[in-house]
Every structure is written in structure tokens, then in C-alpha cells.
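Working notes for the structure below.
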Amino acid sequence: MVGESTSRHHWELYGYWRDTNPYLSKRDDICLYSDVISSNTSTVESLSKCLTLNANGDKVHDFSDVNIMDIANHCGMTTYWISTHHKYGIVDSSVPKGMSSANHFHYLMDDFPNEAELYDEKLLAYLEKALADPGDQKLIVLQLMGTHIEYKARYPEKFTKFTHKDTLARLYPYADTDQRRTLINDYDNANVYQDYILNQVLNILSCHKEEGNDVSAVYFSDHGEEVYDYRNFLGHTPQSNMSWLHEIPFFTWGINHTCNQDQPYQMNHFSHTLLDWMDIQCNSFQPEKSLWFSNLDYGQRYMGNGEKYEPTLGFKKQITHPSLSAFNRRK
Ligand SMILES: [Zn+2]
């Protein structure tokens, strides 16, 4: 599962103050990784790094290197790329081109041209069909629209959970208009809906597993997002120098490897984790770059613009109501 524009800083599972994970938080079968960051801060930059063997190259926006679909196809697996993204966007088109070698290649907009009806729940039927197809060696990738900008368009009305703006006015100094506070609510609601979708995917996989199939899953977001969290900024930009925009949620399900949950990792090496996961050997495979390498040691990580990455630590929302200054404890 490839997410979109989802910041770990807006997930309850990572300590966010709102309950944006009402479904996943009830599961005891996911393995949450605390310190995974994206290689870059826009979709094509990030996915071209983590889905190809171009891990250390300086090429961005480039799917010319061997990618994970090519490798899985070559090794006899049946491959699926199922997406709710735009197929022919000006910026995004290199992702569908890169992944078009998948045996089953679905952009749901071809089937649902009315974009207003194309919520991520449409992916579920395609997943069930893929699982029901003959064969037991499959790589199925679901690319979610997730929490991409135009947040309110990402979830059906019934998933509107957060509407209250009073607290936001105190917590987010840069969300200084009603419109901006509404955007924070919309983003958090989109996260709740995504939480529902991810839980539904895991429920489907659980049923498939109970039928005797060997099945496992990984979820990550392509990069993070900002919604006036700590500065006057909304969205994400390519090759950003902001740590926040690299800090993504990442979890696994049904995978025997459960080590390194709190070890630093960066997604430009994720193709090696995929090779490890699928048990594929090749000259290009570098086991020390797999997330599950027993002595995983990263050293310094670098952001999309080449600067050193330093974690966003100690960021806590402080409620500082002006009238609190009148309260003092007697000596
Ligand atoms: Zn993206």
C-alpha cells in the first residue's frame, strides 16, 4: 500500500493529539515503525527512488532503472499496480509509465471518470479480485490517493469527524483564518478515512490468510505534508529541506520480520527491503540496506535537497491561552 501526502505527525499512532486512527489503533497485528523517512518530498521523486534500484543515484523523476515490477515479473510473480491517482498528470505521468510493466495495470479513473465518486474504497474490489485470481505468487500494489491536497475531496461526507475549530485557533498560530482551520479539519478527516481504508485492506488480507494463503503487507506514504503545523505553509514541495515533510508513517502486517522498529531508515533503499521480503536474490541486492537487516546502521540521512536530516523532535502543541498569565502559584 503506497499512501499519499500523509504526515506521521497527524497520526494518533505516532502521538498526534486527535484520534485519527480509530480503526488501526484497535488492531494488535500491525508493526509500526517509528523512524522511517522518505527520500524526497514529492510523489515522483520519492517513488522513483524507492520502487527502482536507483537508490543512490542522483536521478530524480526517473524510472529508467530496473524497477520492482520488472524484477517480480522476471521472477515469475504475477504483478498488479492498482491506483486511484491521475494517469496522465503533467507531473505524475512518469509513475504510470514506470509501473506499466505490471501484468495487471489499473488506473481506476479509466473505470470511474467521475472523479467526485472515486474514493479510495474503490480499490477494495480490485484487491479482492486480484487475490481471487489464480496463482499464489503475487505482488499487488495499491496506490492510494490518501490525503492528497483538496483534502475534503478525499473522503465521503459520512467520514467527517472533526469540525471543531476553537481548539485549533489556540494550537496552530499560523491557522489564523477560518478557512485555514477548516483545512486542518479536512486533512484530519482524510486521515480518518484512510485509516478506515487501510483497516479494510487488512481485513480482506486477514480473510485470505485464514483461507490458508501466505499473505503479508506493507504501508508507507510517499512523503509527508504540512497543514500550517508550525509555519505559514500548506502542502509539500519537491526537494524540500524540511525534516517534517520527510517524516512518514510506515507499518507492516503479517511479516515475520519485526526487528528494527525504532531504527532509522530511509525509503531510497526500500527496493532492497522489497527484494528481501519477496526472497529474491540478485547481484544488485544489498542485504544491509533492507529494513530487516540485523545490524541496520544508517549513519547520517540526507533530505531531498541534499542537506543533513535532523529529526523533528520535541514538537509538542502547547496550549497557551493568553489569560493563563494571570495565574501564579504563591511562593
Ligand atoms: Zn505524493
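On a predicted model such as this, the values are computed, not experimentally measured, just so you know. All values below were derived from every heavy atom in this structure, side-chain atoms included, with hydrogens, water molecules and symmetry-related copies excluded. Both counts, for ligands and for their atoms, begin at 1 and track the order of listing.
Counting only distance, with no hydrogens or angles, the side chain of Glu247 and the backbone of Thr312 share a donor-acceptor pair below 3.5 Å.
Between Trp244 and Tyr230, the two ring planes are tilted [angle within 30° to 60°].
At a cut-off of 2.8 Å, His236 is not counted among the residues with an N, O or S atom near the Zn ion (ligand 1). Residue contact annotation: Ser5 places no N/O/S atom under 2.8 Å from the Zn ion (ligand 1).
By the rule that hydrophobic residues join a cluster once side-chain heavy atoms approach within less than 4.5 Å of another member, Tyr219 and Ile197 end up as members of one cluster.
Ring centers of Tyr33 and Phe250: under 6.0 Å apart, within the cut-off.
Among the heteroatoms counted here (N, O or S) of Asp222, OD2 is the one nearest to the Zn ion (ligand 1). When you scan the N, O or S atoms of Glu4 for the one nearest the Zn ion (ligand 1), you land on OE2.
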